[in-house]
Asker: 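Before anything else, here's the structure in question.
Because the structure is a prediction, the values reported are computed rather than measured.
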Amino acid sequence: MLNSNNPRLDFVVYKTINPPDESHGGHVHAYTFSDGDSWVQDEVLDPNANAVSGSVTAISKEANSMLVAWISMDEALEVARYENGNWVKTQVLAPGNMTKNTKIDALSCSPTMMNLFFVGTDLLVYQSYWKQGMPNDKWVTTLLSKFPAALGGISATSMNRDHMEVFWTSPAGALYHAYWTLAQGHWISETVPGSVGLNRCQGGSHITTVARKGKSSIEGWCRSVEGKLAHFYYYAN
């Protein structure tokens with residue numbers, strides 16, 4: 001689900017054509033205005049998306065723009081972007097370059113940039129990003145960190161337009177993060193302090209994070225090795 005910063009709420013679902021066969025399906029786009037009393041299913045974004053179940057994510061960088069990303073069954077990274085009233089599909093990474101067991105998280109810290117984060121086939125964290133003015137409107141994929149990553153949960157958030165931060169776990173449950181600021185111009189990876197012992201996350205567990213609006217703070221949650229909800233946070237001095 002995404003909010004494109006106007007009085008409209010949009011969501012995208014992956015719908016199978018011949019249930020229970022999940023290998024054939026497409027993305028369906030729906031939207032509502034104002035209070036949500038009337039949802040409109042207006043179009044099928046891609047009737048042959050053939051997406052991996054649970055891999056769909058979406059982001060909005062400004063009022064008239066939306067992006068939907070997913071992993072295909074042949075392990076490609078694909079996106080559909082809504083600009084100027086039209087949806088345009090792009091293959092960011094060719095088949096065989098993704099794994100079906102990873103998740104994608106999307107982030108747009110400014111109207112001129114969109115980022116996708118995921119665990120690669122080599123169990124390292126990567127980003128694919130789009131910046132306004134790129135030649136041929138292309139996406140660029142780079143290694144984000146050399147810290148090991150478990151397939152599964154990954155979460156990205158931003159405290160402001162000059163900051164991005166990504167969280168993931170190692171196979172052993174260590175909680176890692178990488179952060180980028182406009183001033184430093186590159187990604188720095190670290191272990192999240194205190195994420196040891198019984199407080200550590202289960203490797204590959206779902207992670208969710210939020211940057212509180214108006215405050216220089218990040219809070220996050222994961223499933224601990226004891227099966228409890230582990231909380232981690234950052235507050236600027």
Side-chain angles (χ1 to χ4, degrees), residues 1-3 11-12 52-61 66-71 77 79 92 98-110 113-120 123-130 141-181 187-196 199-213 215-225 227-236:
M1 184 178 292
L2 56 88
N3 185 341
F11 77 91
V12 177
V52 173
S53 178
S55 71
V56 182
T57 190
I59 194 68
S60 171
K61 64 182 178 67
M66 294 177 284
L67 179 84
V68 183
W70 66 92
I71 301 169
L77 176 58
V79 300
V92 177
M98 297 290 288
T99 172
K100 297 175 184 177
N101 296 319
T102 190
K103 303 295 183 185
I104 307 171
D105 205 5
L107 185 65
S108 177
C109 64
S110 77
M113 178 180 287
M114 293 183 288
N115 295 67
L116 303 174
F117 304 97
F118 55 89
V119 178
L123 301 184
L124 297 175
V125 176
Y126 287 81
Q127 66 164 341
S128 291
Y129 65 90
W130 172 94
T141 300
T142 63
L143 178 67
L144 189 78
S145 173
K146 293 183 178 180
F147 284 23
L151 292 173
I154 189 166
S155 183
T157 191
S158 172
M159 290 188 291
N160 54 62
R161 63 182 298 141
D162 298 331
H163 166 266
M164 293 184 284
E165 198 147 346
V166 184
F167 296 83
W168 70 94
T169 63
S170 73
L175 180 61
Y176 296 133
H177 72 128
Y179 61 93
W180 174 95
T181 65
W187 289 90
I188 297 176
S189 302
E190 297 177 339
T191 302
V192 174
S195 57
V196 296
N199 290 326
R200 73 184 188 278
C201 302
Q202 290 183 2
S205 71
H206 179 75
I207 302 173
T208 188
T209 56
V210 62
R212 295 167 64 182
K213 292 184 177 180
K215 295 177 67 70
S216 294
S217 69
I218 296 174
E219 307 212 23
W221 297 264
C222 67
R223 181 180 173 86
S224 75
V225 292
K228 299 178 180 179
L229 189 62
H231 175 221
F232 53 94
Y233 59 90
Y234 163 83
Y235 293 131

Asker: Mind checking the CG-CE spacing from L67 to M114? Nearest 0.5 Å is all I need.
Answerer: 5.0 Å

Asker: Pairing donors with acceptors under 3.5 angstrom, does anything connect the side chains of Q127 and T142?
Answerer: yes

Asker: Strictly under 6.0 Å, is that where the ring centroids of Y126 and W168 end up?
Answerer: no

Asker: Please name the pair of heavy atoms, one in V119 and one in T99, separated by the smallest distance, quoted to 0.1 Å.
Answerer: O-CG2, 3.8 Å

Asker: Taking the side chain as C-beta and beyond, is there a heavy-atom pair between L123 and P148 under 4.5 Å?
Answerer: no

Asker: If you compare all heavy atoms of S155 against all heavy atoms of D105, which two are closest, and at what distance to 0.1 Å?
Answerer: CA-OD2, 3.2 Å

Asker: Using the side-chain contact (heavy atoms from CB on, under 4.5 Å) definition, which of the options I207, V166, I104 pairs with I154?
Answerer: V166

Asker: NZ/K146 to OG/S189 distance, rounded to the nearest 0.5 angstrom?
Answerer: 10.5 Å

Asker: To the nearest 0.5 Å, what is the distance between SG on C109 and NE2 on H163?
Answerer: 9.5 Å

Asker: Got K61 and M113 here, is their nearest side-chain heavy-atom distance under 4.5 Å?
Answerer: no

Asker: For W221 and H231, take the angle between the two ring planes, folded into 0 to 90°, and tell me which bin it lands in: parallel under 30, tilted 30 to 60, perpendicular over 60.
Answerer: parallel

Asker: If I take atom CG from residue L144 and atom CE from residue M164, how far apart are they, to the nearest 0.5 angstrom?
Answerer: 8.5 Å

Asker: Which heavy atom of F147 sits nearest a heavy atom of L124, and at what distance?
Answerer: O-CD2, 3.5 Å

Asker: Got a donor-acceptor contact below 3.5 angstrom from the T209 side chain to the G220 backbone?
Answerer: no

Asker: If you round to the nearest 0.5 Å, how far is OG of S170 from CG of L175?
Answerer: 9.0 Å

Asker: Any side-chain heavy-atom pair from T57 and V68 closer than 4.5 angstrom?
Answerer: no

Asker: Do E190 and Y179 have side chains that approach each other closer than 4.5 Å (heavy atoms only, starting at C-beta)?
Answerer: yes

Asker: Can you name the nearest heavy-atom pair linking F118 to S128, along with the distance?
Answerer: CE2-OG, 3.6 Å

Asker: So, taking the atom named CD in Q202 and the one named OG1 in T169, what distance separates them when rounded to the nearest 0.5 Å?
Answerer: 9.5 Å

Asker: Evaluate the side-chain proximity of Y233 to R212: yes if any heavy-atom separation is below 4.5 Å, no if none is.
Answerer: no

Asker: Parallel, tilted or perpendicular: which describes the rings of F167 and H177, with under 30° parallel and over 60° perpendicular?
Answerer: parallel

Asker: Identify the heavy atoms of S110 and S108 that sit nearest to each other, and give their distance.
Answerer: O-OG, 2.9 Å

